[in-house]
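Let me begin by presenting the structure, written as structure tokens, before commenting on it.
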Amino acid sequence: MKYNYTEIEKKWQKRWEESGIFKAQDDFTKPKFYSLIEFPYPSGAGMHVGHIKAYSGLEVVSRKRRMQGYNVLFPIGFDAFGLPTENYAIKTGIHPRNVTDKNIERFTEQLKNVGFSFDWSRVVDTTEENYYKWTQWIFLKMFENGLVFRDTALVNYCPSCKVVLSNEDSQGGKCDICHSDIVQKSKDVWYLRISQYADKLLEGLNDVDYLANIRMQQENWIGKSVGAFVYFNINGGEQGEKMRIYTTRPDTLFGVTFTVIAPEHPLIDKYRDRIKNIAELDAYREQCAKKTEFERTQLQKTKTGVKIDGISAVNPLNGKELPIYISDYVMMGYGTGAIMAVPAHDDRDYEFAKKFGIDIIEVIKGGDISNAPYVGDGEMVNSDFLNGYNNKKDAIAKAIEVLAEKGIGEAGVQYKMKDWAFNRQRYWGEPIPIVHCPKCGIVPVPYEELPLRLPKVDNFEPGVGGESPLAKIDSFVNCKCPRCQGNAKRETDTMPQWAGSSWYFLRYIDPHNDNEFANFEKMKYWLPVDWYNGGMEHVTRHMIYSRFWHRFLYDIGEVPTKEPYAKRTAQGLILGSDGEKMSKSKGNVVDPNEVVSEYGADVLRTYVLFMGDYTSATPWSDSSARGCKRFLERVADLYGMTKGSGSTPELESKFHKTVKKVSSDIEDMKFNTAIAAMMTLLNDIYDHGSLTVDEFKTYISILCPFAPHLCEELWEMVGGKGFLSMHEWPSYDEAKTVDSTVEIAVQINGKVRATVSLPVDCDKETAIGIAKQNETVAAMIDGKTIVKEIVVPGRIVNIVVK
RNA sequence: GCCGGAGUGGCGGAAUCGGCAGACGCCCGGGACUUAAAAUCCCGUGAUGCGAGAGCAUCGUACGGGUUCAAUUCCCGUUUCCGGCACCA
């Protein structure tokens, strides 16, 4: 058959669309499968082949599930709010709405070109009113439940993008969007209290099946630390004034020789009058404030600090007076912003103590503290009631018990995860549905007034001082207070990019519902998402945020499951053919449309899965892609071979083995070896020269999820009924996957010297007997003493001689 | 610094309850077909040595040790690369 892929692919894409076979049915009696891929941000650059690889994995799984009789929900949508579109609008003056529509159109065309089996009737666009209405609705629910708060704070601010960024968006002190250095700036910030969900997000990981490294990154991000709070009296302070510190090592309290507070700690301003060297402290604090977070945490590893003259701390366990230092190695944002320093057993405290000439007291034996801090386990000394304890765990438990008894401390838990800075001074985002009323204060927009629509503007440039473009729209800003009907002003900031994607998987379940974000009965059927695949870069942001929103919705009874995603995997990148990450500036980007027109969609789909391990990064290779084209062309010619002499038991057995391997490899995301197995079988068929019609049907059935256009065409040629895409997945006979005889390697002293053919279930004696009859083997053991004979059935025979 | 993952032919990668290393594909070489080229098909293809040849031997999975009849796989040490976190008390 002439493989006219362009014609075939257009033909079947049209038929699939007209027949609607990929639409998910709301038939709750059928077994369901919800497979989810991360919906794309519709950028102006269009899709690249990395997107295709990201979607092809679950595309194959989804198609296999349909053939296995599942009711499959495999949706697609667009995460379309965001900065690049807005920046493009600023540059060109074209409205983001128009830019977005155009980009979505382009993406849709590209996706359809590849023949993905998405349910196109459920497309979601986060920038549409009937979508962001519900994003705002969920925000108001959070507000209602005390998870939204406003604070003036030092925030991560990107001077180039002119926006406040969350910690997640400014990792490493760089803006995640434009990679400029971020600076600290005091701003009014809306926060979502995600920290309140830290424990739930951590525990939830026990109920889901995520790849190990994904789980690890999330745990790391949440950063739970178990320790204790201890209250130190302040010498020179007010009566009863305590300095609260957080430590993970309350067992070392007798080794404390000083304390340190963060430069921003409120204690300093409170006791300005009593501190004798306040000018020196202020100078140091000013110096710290100028440093970016990046400089403070990444570059500056040598300790600096100033001793406070005028107040001091008192160790609550032994009454010892301790100096208080300020130093920027203590962060205001973690714990209490104050620490007890145990230089003998902490690297940082040790360095500080050495520099400032502070005492170092050993409380754990095992090291030489005159040379270096000892951080290992050991016997407690110089520690009163803790003396003699031999391990950290017991000593900590005892210390906490005593602290609690005396009312000078308590067990405590800290998380690295901070609350989520949730506002951006930007136009192209969901307006935050809040009204500022001079009388009533902060008032939420009533639910019935949603959606709070984005007004039309002409100028998308953020205001001076970084205020939102919406602030310039008087008709938007000026409003009536929903509570007292007096004149009030609207919040003009919008939500961050991550808002819309925090719940989109719920909307897919019921995308056209005008009364609720999704029908509960439908959610009960479809949730959780059975399998979610996406990029590693979203593990600590999108994944954490959406798990948080979902868990909140569960807590208020709006969704039926605690966790949104039962299983999560991640694909590896496709690198440019130069081995570098694909980027426009390097000119190594591969456009899927070009590959489709040159080789066909089936080749593109097959190649992105064949090119290497699905979860690893692999460079693109045009010539390897051509190899996949040859493969499919040879498959196309297979039909002619059904007219030959038929099959053999050997070939039949190979079919059963291949069906088995392809079936299980797809489940394990080992698409590359699944395709390799089909190639091997194809070579075997070619060697044999013919196959039966049933075998041919089996072959195109297992290949169908990978190369569906070609397989549908061949199915039609061979007289198959209906769509192959909906035809049943082939089964295999386990018995026929086992050969009656096996080729076994015979080793002499561990080196392979011969190969013999053995019955599959033969016993040890028979195996050794047959092996010894082999000429080479016989010659090599002739005249030698046999020390040992090892037989691993179906694997190997090893004869050890001397 | 800490926590993960990885290091296999010219290339992408297979094979890990320890059991014939290099499946499958690419590249490359030789041949067939063709006036010729492309395409296609067939053969070869880890390295080194020996042999006219079928073939044989030795080495070989980052490096150095170890356990074992047998190690890409397990253990100890070293090293390089990638990813994440990073003064988190």
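Of the options A/L703, A/T680, A/L609, A/V662, a side chain to side chain contact (heavy atoms under 4.5 Å, CB included) to A/I675 is made by A/L609 and by none of the others. Residue A/V777 forms a side chain to side chain contact (heavy atoms under 4.5 Å, CB included) with just one option from A/D782, A/V746, A/V756, and that option is A/V746.
The same atom, P, is picked in B/C2 and in B/U8; the two are 25 Å apart, to the nearest Å. Taking atom P in both B/C3 and B/A86, one finds a spacing of 16 Å when rounded to whole Å. Distance noted for atom C1' between B/C87 and B/G1: 11 Å (whole Å). Here, B/G22 and B/U72 have their P atoms 12 Å apart, quoted to the whole Å. When the C1' atom is compared between B/U61 and B/C20, the two are found 15 Å apart, to the nearest whole Å. For the C1' atom pair drawn from B/G49 and B/C41, the interatomic distance equals 35 Å after rounding to whole Å. Atom C1' of B/U67 sits at a distance of 23 Å from the matching atom of B/C59, rounded to the whole Å. Spacing of P atoms, B/A15 relative to B/G29, comes out at 30 Å, to the nearest Å.
Across all strands shown, B/A71 has no partner, as no Watson-Crick or G-U wobble contact with both distances under 3.5 Å is found. Pair assignment for B/U40 gives B/A32, based on Watson-Crick or G-U wobble hydrogen-bonding distances that are each under 3.5 Å. When both pairing distances are held under 3.5 Å, B/C63 makes a Watson-Crick or G-U pair with B/G77. Nucleotide B/G83 has B/C3 as its partner under the Watson-Crick or G-U criteria, with both atom distances under 3.5 Å. Summarising the base pairing, B/G49 is matched to B/C56 through a Watson-Crick or G-U wobble pair whose two defining distances lie under 3.5 Å. Base pairing of B/G18: no nucleotide in any strand meets the Watson-Crick or G-U wobble criterion (both distances under 3.5 Å). Of the nucleotides present, none pairs with B/A23 by Watson-Crick or G-U wobble criteria with both distances under 3.5 Å. Remark: B/G9 base-pairs with no nucleotide in the shown strands. Criterion, Watson-Crick or G-U wobble with two distances under 3.5 Å.
Proximity note for A/D328 (side chain, C-beta onward) versus B/G19, B/C87, B/G83: the nearest is B/C87. Closest to the A/I339 side chain, of the nucleotides B/C20, B/G12, B/A89, is B/A89. Closest to the side chain of A/K788, out of B/G13, B/C69, B/G19, is B/C69. Considering only the side chain of A/Y246, B/A89 comes nearest among B/A14, B/C24, B/A89. Taking the side chain of A/M331 as heavy atoms from C-beta on, and the options B/U40, B/G12, B/C87, the nearest nucleotide is B/C87. Among B/G25, B/A14, B/G4, the nucleotide with an atom closest to any side-chain atom of A/M216 is B/G4. Of the candidate nucleotides B/G13, B/C59, B/A89, B/G13 has the atom nearest to the side chain of A/D613. Closest approach to the A/S225 side chain among B/C24, B/U40, B/A89 is made by B/A89 (side chain taken as heavy atoms from C-beta onward). Residue A/F610 places its side chain closer to B/G25 than to any other of B/A14, B/G25, B/A70. Comparing atom distances between the A/I790 side chain and each of B/C20, B/C87, B/C69 picks out B/C69 as nearest.
Protein atom CD1 of A/I796 is 12 Å distant from nucleotide atom C1' of B/A21, rounded to whole Å. Rounding to whole angstrom units, CD of residue A/E633 and C1' of B/U40 are separated by 9 Å.
A/K670 has no side-chain polar atom (N or O) that falls below the 4.0 Å cut-off from OP1 or OP2 of B/U16. At least one side-chain nitrogen or oxygen of A/R753 sits closer than 4.0 Å to the OP1 or OP2 atom of B/A57. The shortest distance between the side-chain N/O atoms of A/N213 and the OP1/OP2 oxygens of B/G84 is not below 4.0 Å. A sub-4.0 Å separation between OP1 or OP2 of B/A89 and a side-chain N or O of A/Y334 is present. Taking 4.0 angstrom as the limit, A/S621 places none of its side-chain polar atoms (N or O) nearer than this to OP1 or OP2 of B/C27. For A/N683, a side-chain nitrogen or oxygen approaches OP1 or OP2 of B/G25 to under 4.0 Å. Taking 4.0 angstrom as the limit, A/R634 places none of its side-chain polar atoms (N or O) nearer than this to OP1 or OP2 of B/U40. Look at A/R630 and you won't find any side-chain N or O under 4.0 angstrom from OP1 or OP2 of B/G25. When the side-chain nitrogen and oxygen atoms of A/K751 are compared with OP1 and OP2 of B/G19, none of them lie within a distance under 4.0 Å.
A distance-only check finds a donor-acceptor pair linking the side chain of A/Y284 to the backbone of A/D328 [under 3.5 Å]. At least one donor-acceptor pair under 3.5 Å links the side chain of A/D602 to the backbone N or O of A/L710. Distance alone, capped at 3.5 Å, places no donor-acceptor pair between the A/N315 side chain and the A/K320 backbone.
A/Q414 comes within 4.0 angstrom of nothing in the nucleic acid, heavy atoms only.
Residues A/F352 and A/F258 bring their aromatic ring centres within 6.0 Å.
Base orientation of B/G9: syn (glycosidic angle within 90° of 0).
A side-chain hydrogen bond (donor to acceptor under 3.5 Å, both in side chains) check over residues 663-673 of chain A, counting only residues at least two apart or in different chains, returns the pairs A/K64-A/E667, A/R65-A/E667, A/K661-A/D665, A/S663-A/W729, A/D665-A/T673.
Residue whose closest nucleotide on RNA chain B sits further toward the 5' end, between A/N672 and A/Y686: A/N672. With RNA chain B read from its 5' end, the first of the two nearest nucleotides for A/S616 and A/I744 is the one closest to A/S616.
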A/N683 vs A/R634, test: side-chain hydrogen bond (donor to acceptor under 3.5 Å, both in side chains). Steps then yes/no. CA-CA 9 Å; A/N683 292 340; A/R634 276 156 61 85; 2.7 Å; yes
